[in-house]
J.: 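Encoded as structure tokens, here's the structure I'll be asking about.
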Amino acid sequence: MSQLKQAGYEYYHFKDKINYPSIDDDLAALQHAFDHLPTDEYAPHLNRYRRYGRALVMPGTHDVTWLPETWIDGHAYYEYFQGSFNPEYMGEYRRFPALWPSSMENRLLREMIVQDFRETFWTREDALMPFHAGVHFVKLKVENPGDVAVSSPNTLHQDGEPFTFAHLIRRKNISGGLNAVSVPRHRGKMPADIPQDDIKQSFYLDEPLESYSVYDPLVTHYVGDVTKGETEGSGERCAVLIDYQPTVIADPDQIRSTRGPADTMIHV
């Protein structure tokens with residue numbers, strides 16, 4: 001049984017699971033994409049930058065298909081929704097700039113999506129339909145002494161998606177960014193405020209492609225604030241986050257499109 005399935009989390013290096021001759025070139029291309037992330041417009045004061053993409057993964061074949069973007073004023077976006085799982089954006093849809101097409105075509109990113117999916121586990125009913133993968137590019141960047149970059153939510157939390165995988169792309173000239181994994185009952189708390197015996201593991205992601213994964217029902221997890229390091233120039237922590245959830249045959253009572261009114265609905 002895998003550690004993810006047994007303990008609810010795993011800390012590892014992605015290159016131990018997937019490696020191929022051009023992986024360093026593909027990593028460099030992803031790092032270049034992080035150089036041009038826009039500010040997170042939902043928290044412009046928190047020094048967070050991001051893009052997002054939504055894809056479908058087919059059971060069995062593991063084929064990956066990117067879903068269509070929403071276009072507004074000539075710019076491509078994807079919608080993101082966590083329901084009640086992010087207290088900072090309770091019940092709120094957020095709209096993030098879409099990943100660049102070159103990032104979607106990057107082999108390393110595709111390998112991440114497919115290999116991460118292979119680590120997940122589902123009921124037979126879930127596996128009847130394609131699976132949804134949400135792909136986040138998130139950068140925490142600090143330029144001046146005293147700057148603080150903050151993840152969301154800034155507590156031990158669960159994401160609402162059954163699985164989340166995090167892959168470090170670059171870390172330079174920063175302090176902080178502690179990762180911690182705890183138990184579900186401490187959701188909404190800070191790691192410093194709970195019994196330390198309830199911290200399953202804490203660690204820093206330092207090298208590109210250091211990674212961790214969580215199975216949401218069994219754990220909470222946390223990423224600490226980032227501040228500038230001691231050398232000249234800005235500092236940053238860049239990571240790809242990939243979450244997975246099923247596209248199940250829904251309970252008819254839960255299908256919102258049966259509730260009307262029809263004049264607010266759209267043809268797809």
J.: Can you name the salt bridge (Lys or Arg N to Asp or Glu O under 4.0 Å) partners of Asp25, sequence neighbours left out?
T.: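 Once residues adjacent in sequence are excluded, Asp25 has no partner under the salt bridge (Lys or Arg N to Asp or Glu O under 4.0 Å) criterion.
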J.: Using 30° and 60° as the class boundaries, would you call the ring planes of His136 and Tyr80 parallel, tilted or perpendicular?
T.: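 Ring orientation, 0 to 90° scale: perpendicular.
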J.: Kindly give the heavy-atom pair with the smallest separation between Ala55 and Val64, and that separation in Å.
T.: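 Closest pair (atom of Ala55, atom of Val64, distance): CB-CG1, 4.0 Å.
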J.: If every non-hydrogen atom of Lys172 is compared with every non-hydrogen atom of Ser234, which pair is closest and at what distance?
T.: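 Lys172 and Ser234 have their closest heavy atoms at CE-O, 4.2 Å.
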J.: Taking only residues two or more places apart in sequence or in another chain, which ones pass side-chain contact (heavy atoms from CB on, under 4.5 Å) with Thr231?
T.: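 side-chain contact (heavy atoms from CB on, under 4.5 Å) list for Thr231, sorted by chain: Asn173.
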J.: Quick one: OG on Ser211 to CE on Met112, what's the gap to the nearest 0.5 Å?
T.: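 If I round to the nearest 0.5 Å, the distance is 6.5 Å.
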J.: Calculate, to the nearest 0.5 Å, the distance between atoms CD and CG belonging to Gln158 and Asp216 respectively.
T.: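 Atom-to-atom, Gln158:CD and Asp216:CG are 5.0 Å apart.
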J.: With His167, which of Phe137, Phe14, Tyr212, Phe34 fulfils ring pair (Phe, Tyr, Trp, His ring centres under 6.0 Å)?
T.: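 Of all the options given, the one that passes is Phe14.
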J.: Between Ser152 and Arg48, is a side-chain contact (heavy atoms from CB on, under 4.5 Å) present by the stated rule, with each step listed?
T.: CA-CA 9 Å; Ser152 177; Arg48 192 166 64 230; 3.6 Å; yes
J.: Just verifying a value: how many Å separate Leu140 CG and Glu236 CD, rounded to the nearest 0.5 Å?
T.: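 Leu140 atom CG to Glu236 atom CD measures 10.0 Å (nearest 0.5 Å).
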J.: Less than 6.0 angstrom separating the ring centers of Phe163 and Phe121, yes or no?
T.: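 Yes, they do, as the ring centres are separated by less than 6.0 Å.
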J.: Under a single-linkage definition using a 4.5 Å side-chain heavy-atom cutoff for Ile, Leu, Val, Met, Phe, Trp and Tyr, are Leu178 and Val214 assigned to the same hydrophobic cluster?
T.: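 Not linked; separate clusters.
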J.: Does the side chain of Leu46 reach to within under 4.5 Å of the side chain of Asp40, using non-hydrogen atoms?
T.: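 Of all side-chain heavy-atom pairs linking Asp40 with Leu46, none is under 4.5 Å.
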J.: What residue pairs, at least two apart or across chains, pass side-chain hydrogen bond (donor to acceptor under 3.5 Å, both in side chains) with a residue in residues 63-77?
T.: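 The answer is Thr61-Asp63.
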J.: Can you name the residues that form a salt bridge (Lys or Arg N to Asp or Glu O under 4.0 Å) with Lys228, not counting sequence neighbours?
T.: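 Result, salt bridge (Lys or Arg N to Asp or Glu O under 4.0 Å) vs Lys228: none returned.
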J.: Membership question, hydrophobic clusters at under 4.5 Å side-chain separation (ILVMFWY): are Met104 and Trp100 in the same one?
T.: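 Result: no, two separate clusters.
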J.: Find out whether Asp159 and Leu241 are in side-chain contact, i.e. whether some heavy atom of one side chain is under 4.5 Å from a heavy atom of the other.
T.: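 SC-SC contact between Asp159 and Leu241 ruled out.
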J.: Under the salt bridge (Lys or Arg N to Asp or Glu O under 4.0 Å) rule, collect the residues that match up with Arg95, sequence neighbours excluded.
T.: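 Once residues adjacent in sequence are excluded, the partners of Arg95 under the salt bridge (Lys or Arg N to Asp or Glu O under 4.0 Å) criterion are Glu79.
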J.: If the condition is ring-ring contact (aromatic ring centres under 6.0 Å, His included), which residues does Tyr78 pass it with, not counting sequence neighbours?
T.: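 For Tyr78 there are no ring-ring contact (aromatic ring centres under 6.0 Å, His included) partners, ignoring immediate neighbours.
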J.: For the hydrophobic clusters of this structure (ILVMFWY residues joined by side-chain heavy atoms under 4.5 Å, transitively), does one cluster hold both Tyr52 and Val138?
T.: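 Hydrophobic grouping puts Tyr52 apart from Val138.
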J.: Verify side-chain contact (heavy atoms from CB on, under 4.5 Å) between Asn179 and Tyr204, making sure each step is shown before the conclusion.
T.: CA-CA 6 Å; Asn179 295 96; Tyr204 292 91; 5.6 Å; no
J.: Does the Asn106 side chain pair with the main chain of Asp26, one donor and one acceptor, at a distance under 3.5 Å?
T.: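 Between the backbone of Asp26 and the side chain of Asn106 there is a qualifying donor-acceptor contact (under 3.5 Å).
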J.: Is the closest side-chain heavy-atom distance between Lys15 and Glu207 below 4.5 Å?
T.: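 Of all side-chain heavy-atom pairs linking Glu207 with Lys15, none is under 4.5 Å.
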J.: Among the clusters formed by ILVMFWY side chains lying less than 4.5 Å apart, do Val114 and Val240 turn up in the same one?
T.: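 As far as the 4.5 Å side-chain criterion goes, Val240 and Val114 are connected within one cluster.
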J.: So, do His13 and Leu209 sit near enough that their side-chain heavy atoms are less than 4.5 Å apart?
T.: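 Sidechains of Leu209 and His13: in contact.
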J.: Nearest 0.5 Å please: distance from the CG atom of Asn47 over to the CG atom of Asp147.
T.: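 Those atoms lie 5.0 Å apart.
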J.: For Ala180 and Leu156, which heavy atoms make the closest approach, and how far apart are they?
T.: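 Nearest heavy atoms, Ala180 then Leu156: O-CD2, 4.1 Å.
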J.: Considering all heavy atoms of both residues, which atom of Arg237 and which atom of Val226 are nearest to each other, and what is their separation?
T.: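 Looking at all heavy atoms of both residues, the closest pair is CD-CG2, 4.2 Å.
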J.: Scan side-chain atoms only and decide if Glu210 and Tyr11 contain a donor-acceptor pair under the 3.5 Å cut-off.
T.: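 Note: Glu210 and Tyr11 side chains meet the donor-acceptor criterion.
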J.: Identify whether Leu168 and Leu109 are in the same connected component of the hydrophobic contact network (ILVMFWY, side-chain heavy atoms under 4.5 Å).
T.: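 Same cluster: Leu168 reaches Leu109 through Ile, Leu, Val, Met, Phe, Trp or Tyr contacts under 4.5 Å.
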J.: Would you call the rings of Phe117 and Tyr244 parallel, tilted or perpendicular, where under 30° means parallel and over 60° means perpendicular?
T.: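 Phe117 vs Tyr244 ring planes: tilted.
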J.: Would you name the heavy atoms of Thr39 and Pro44 that are closest together and state the gap between them?
T.: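 Thr39 and Pro44 have their closest heavy atoms at CG2-CA, 3.8 Å.
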J.: Do other residues, nucleotides or ligands put more than 12 heavy atoms under 6.0 Å from the CH2 atom of Trp122?
T.: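 Counting other residues, nucleotides and ligands, CH2 of Trp122 exceeds 12 neighbours.
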J.: May I have all residue pairs that pass salt bridge (Lys or Arg N to Asp or Glu O under 4.0 Å) and include part of residues 98-115, sequence neighbours excluded?
T.: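 Checked against salt bridge (Lys or Arg N to Asp or Glu O under 4.0 Å) - neighbours excluded - the pairs reaching residues 98-115 are Arg107-Glu111.
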J.: May I ask you to check if Lys139 and Tyr49 form a cation-pi contact, with NZ or CZ under 6.0 angstrom from the six-membered ring centre and within 45° of the axis?
T.: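 Flagged: Lys139 positioned over aromatic ring of Tyr49.
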J.: Looking only at heavy atoms, what is the nearest atom pair of Ala133 and Ile113, with distance?
T.: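 Reported closest heavy-atom pair: CB-CG2, 4.4 Å.
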J.: Sequence neighbours excluded, which residues qualify as side-chain contact (heavy atoms from CB on, under 4.5 Å) partners of Pro38?
T.: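 Scan of Pro38 (side-chain contact (heavy atoms from CB on, under 4.5 Å), adjacent residues dropped) gives Arg51, Pro97.
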J.: With side-chain contact (heavy atoms from CB on, under 4.5 Å) as the test, would you mind laying out the steps for Lys17 and Glu119 before giving the verdict?
T.: CA-CA 11 Å; Lys17 299 195 176 188; Glu119 302 287 335; 3.4 Å; yes
J.: Do Leu4 and Phe165 have side-chain heavy atoms sitting under 4.5 Å apart?
T.: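 SC-SC contact between Leu4 and Phe165 confirmed.
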J.: Tell me which donor-acceptor pairs under 3.5 Å the side chains of residues 192-203 have, and how far apart each pair is, sequence neighbours excluded?
T.:
from   : atom 1 : to     : atom 2 : distance (Å)
Gln196 : NE2    : Pro191 : O      : 3.1
Gln196 : NE2    : Ile194 : O      : 3.0
Asp198 : OD1    : Arg185 : NH2    : 3.4
Asp198 : OD2    : Arg185 : NH2    : 3.2
Asp198 : OD2    : His186 : NE2    : 2.7
Gln201 : OE1    : Tyr9   : OH     : 3.4

J.: Once rounded to the nearest 0.5 Å, what's the spacing between atom OG1 of Thr120 and atom CG of Asp116?
T.: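 Rounded to the nearest 0.5 Å, the OG1-CG separation comes to 9.0 Å.
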J.: Can you name the side-chain contact (heavy atoms from CB on, under 4.5 Å) partners of Gln31, sequence neighbours left out?
T.: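 Result, side-chain contact (heavy atoms from CB on, under 4.5 Å) vs Gln31: Leu27, Ala28, Ile169, Arg170, Pro208.
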J.: Identify, with sequence neighbours excluded, every residue that meets side-chain contact (heavy atoms from CB on, under 4.5 Å) alongside Thr227.
T.: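 For Thr227, the residues satisfying side-chain contact (heavy atoms from CB on, under 4.5 Å) (neighbours in sequence not counted) are Val148, Ser175.
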J.: Output the distance between atom SG (Cys238) and atom CG (Asp35), rounded to the nearest 0.5 Å.
T.: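 Reported value, rounded in 0.5 Å steps: 7.5 Å.
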J.: If you look only at pairs with a residue in residues 220-242, which of them pass as a ring pair (Phe, Tyr, Trp, His ring centres under 6.0 Å), with sequence neighbours excluded?
T.: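 Qualifying pairs, neighbours excluded: His157-His221.
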